[in-house]
Structure formats: structure tokens, C-alpha cells
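Letters A, B, ... mirror the listed sequences (proteins, then strands); counts begin at 1.
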There are 2 protein chains.
Amino acid sequence: MADLNKLLTPLFLNEGEIRKIIELLFFSYRDFTEGPDKILEKINFGRAHHRVIYFVGKQKNLTIKELLSILKITKQSLSRVLNQLVNEKYIILSVGEDKRTKKLILSKKGQELEKRLSEIQIKKIRNVLLKFNEIDINGFKKILYHMVDDKNKVKFDEINNNG
Amino acid sequence: MADLNKLLTPLFLNEGEIRKIIELLFFSYRDFTEGPDKILEKINFGRAHHRVIYFVGKQKNLTIKELLSILKITKQSLSRVLNQLVNEKYIILSVGEDKRTKKLILSKKGQELEKRLSEIQIKKIRNVLLKFNEIDINGFKKILYHMVDDKNKVKFDEINNNG
DNA sequence: TTATTTAGGTCAGCCATATTGACTTAATTA
DNA sequence: TAATTAAGTCAATATGGCTGACCTAAATAA
């Protein structure tokens, strides 16, 4: 059984090769978040704050509900992080047209922090991609997209106006 | 300045495209860890336990020191997780040739859990890769590898005998 | 041979990020 | 008017990290 499976599996799909990908995902994700994490630590913030700042910066006038649906955490979890960001004036709240909702936008201070954090990751990715041709990059992007669950592909398309 | 930069940046390297990759990394990594996390929760373990089980399973007779150098956490952090795994007989400790060191191996129980957890991730990746050709897959693997910091590339090569 | 370094262990306390459950208020919609 | 929705809050709990201090035993260097 095991041997038959090995015979039928193309080399690039065998367990050993896939385990390498598992490890690369672990190592690369850890290295990917390291830069912003260090900056955040200095101002007593964490990765959760970066996520909030990132998506609020991306989508102006995001509501709490929409933000929760992207982050997929409970509102109690979001609450602490968001309150800190609002109290320290990185994020400004205003009432939406539907007066039950609130709109979130980055202040100037928030935009500056967002830029500082994301720039590290953008540069890191750009430096990597510069070493490769468009064929490789397309393979990377396509496969990464398909690694996302269907429900979250929809969410990704939504926030990138690919819907 | 900004305009000049945009003119000089190929379309696939512009900020918007790179931000999509940032988001895909976030979404895909979250979905990637979700399956094992659910199983681990039932037995009161977490992702940290999976990591330990994974690397102990990968590298027979791993020492504590080597494990720490892969995980890059403090020994105090590892301690709780590892003690639980040893107490509940997923991992067996033995004294190394250098009697200061300890060798870690998975018990049968540990191997079974490791398989159950990793199989989810392996299947997920295999199902994705099956939709793509070798050119795309190579692009994906190469770029993922380059996303890892140099020091950790060495670590990756070490544990995969590419050194 | 003694001194130092290394591998591993442990105690205590702290912080960040997440969870569940219960409950409230105000606004909108059926 | 009743039900639903968006947002907020209080409390308790779990996980996974961290720092600092300190210990033992074994190996290695001076």
C-alpha cells in the first residue's frame, strides 16, 4: 500500500517534499512577522494591533463588524486591542450612517505606524521577488491563494475588490 | 518621487500587489493551522505541542538544545509543553552519549498523534498542489524558501540534510 | 586537577492573545 | 410594537510566550 502510493505520487507531491513546505511555511511566517513585532514591542503593542491597523488602513471606514469578519476573533478579543489604539489616538471612531455602526479610520499617527510596520514586510517580499521571474512569482501567488480556504478566498476577494 | 517609483516598479512588484501577498500569507497560515488546532484542543494541547511533536518525529534522537534552536523559544517556554508531552507519554526521553544531553523520540502514541495532525496539513497542501503544474510548484517552493531568513535557511537545510 | 563551560531543569512572576458566557444599550427592521 | 442587529462591557480561563534567578551534573580547558 505504502509502496504503491509512493509509485503513484509524483516526486514533487511525496510526503517528504510536502513536509518541507510545512516547515518552510513555519519558518517563513515566523521571519515575516519578526520585524514588525520588534517595533510593536517598543510601544507595548503586539501583532494583534498590527493586524487591526493594517486592515483599518486598507479599508477606510471599516466597521467593527467587518473588521471582526476579517480577523475572525471575538469582539471581546478585539475590544482590548482596539480600545488601546483608540485611546492612544492611532485610530479614530465615528458614527456611521446606520447609527448603530461605527466607522474606523487611521489618524495621521496611525497611518505613520502602519507605514512603518508594513514597509518592513513589503520590502522583505519585494527583495525576495526581485530575485525571481514572473513565472515563478505567478506560481507563488496562485498557490498561496489556493492555500486559503474557500470562505476566506471570498473575504480576500472582497477586500481587494475582486468580487 | 512616488510617481517615479511607480514607473520604475514592475506591475507585479508594486505595493498593492505585495500587500495582497501579505494578506494571503495571513489568511493561508491561519487556515493552515486551523485543522490541527481543533484536534489539539480536544486533548488540551495547543500549537506549541504540535511543533514539538512534529520536529521530534522528524528528527529521531533530537536533543533539547537542537529542538530549542529550531523552535527559537526559551527553555522555560519549551519546558511546560515538553513536560506535558513526556508525562502523557507522547515523547520518551533517554540519556545521550554525552550524558548531559537527552534524546527525544516519539512513542507509538506520539507517532499516532503526529500522523493525525500532520496528515491534515499534508492533504491540504497536496490537494492544492495537484491543481498546479511543476512550473508553478517550483516557483512556490523557491520563493517560500527565500522568504526564510538566511540563518533559518541554514537550519532548514540542516534538518533536511541539504547542508 | 581545578576552573569553566555546557546541557538541562526549575521556581516565580509577568504579559499578550485568545476563548466562553452573560448581560446591556441603542438603533434598525419586520 | 417586537425582534434583530451593532457595539460594548464584565468576569473568568487557557495558552504560549517572556525575564530573572538559581541549581545539578557532566564535559572540557587552563
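The distance from atom NZ of A/Lys99 to atom P of D/dA6 is 17 Å, rounded to the nearest whole Å. Residue A/Leu68 contributes atom CG, which lies 15 Å from atom P of D/dT5 at whole-angstrom precision. Separating the CZ atom of A/Arg51 from the C1' atom of C/dA18 is a distance of 10 Å, rounded to the nearest angstrom. When the P atom of D/dA26 is taken as reference, atom CZ of B/Arg100 falls 10 Å away, rounded to whole Å. Distance, B/Leu78 CG to C/dT10 P: 12 Å, rounded to whole Å. What separates CG of B/Leu71 from P of D/dG16 is a distance of 12 Å, to the nearest Å. In this structure, CG of A/Asn44 is placed 16 Å from P of C/dC14, rounded to the nearest angstrom. Counting to the nearest Å, the P atom of C/dG9 and the CD1 atom of B/Ile73 are 13 Å from each other.
In this structure, A/Lys102 does not reach the D/dA7 phosphate: none of its side-chain N or O atoms is under 4.0 Å from OP1 or OP2.
Remark: A/Lys38 engages A/Glu34 in a salt bridge, criterion side-chain N to carboxylate O under 4.0 Å. A salt bridge does not link B/Asp149 to B/Lys151: none of the charged nitrogens lies less than 4.0 Å from a carboxylate oxygen.
As judged by a 4.0 angstrom heavy-atom cut-off over every strand, A/Glu97 is placed among residues touching the sugar-phosphate backbone only. Using a 4.0 Å heavy-atom cutoff across all strands shown, B/Ser77 reaches at least one base atom of the nucleic acid. Within the nucleic acid shown, B/Arg80 comes within 4.0 Å of at least one base atom, counting heavy atoms only. Among the protein residues, A/Thr74 comes within range of the nucleic acid bases, having at least one heavy atom under 4.0 Å from a base atom.
Here the nucleotide nearest the side chain of B/His49, chosen from D/dA6, D/dG8, D/dG16, is D/dG16.
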Run B/Phe45 and B/Tyr90 through ring pair (Phe, Tyr, Trp, His ring centres under 6.0 Å) and show every step you take.
CA-CA 12 Å; B/Phe45 283 168; B/Tyr90 291 90; 5.3 Å; yes

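No N or O donor and acceptor, one from the side chain of B/Gln76 and one from the base of C/dG13, sit under 3.5 Å apart. The base of C/dG9 sits within donor-acceptor range of the side chain of B/Lys75, with an N or O pair under 3.5 Å.
By the 6.0 Å and 45° rule, A/Arg51 does not stack over the aromatic ring of A/Phe55.
Between A/Lys103 and B/Lys72, the residue anchored nearer the 5' end of DNA chain D, judged by the nucleotide with its closest heavy atom, is A/Lys103. Both A/Arg47 and A/Asp98 sit near DNA chain C, but only A/Arg47 has its closest nucleotide nearer the 5' end.
Within the 3.5 Å criterion, the main-chain N or O of A/Tyr29 finds a donor-acceptor partner in the side chain of A/Thr33.
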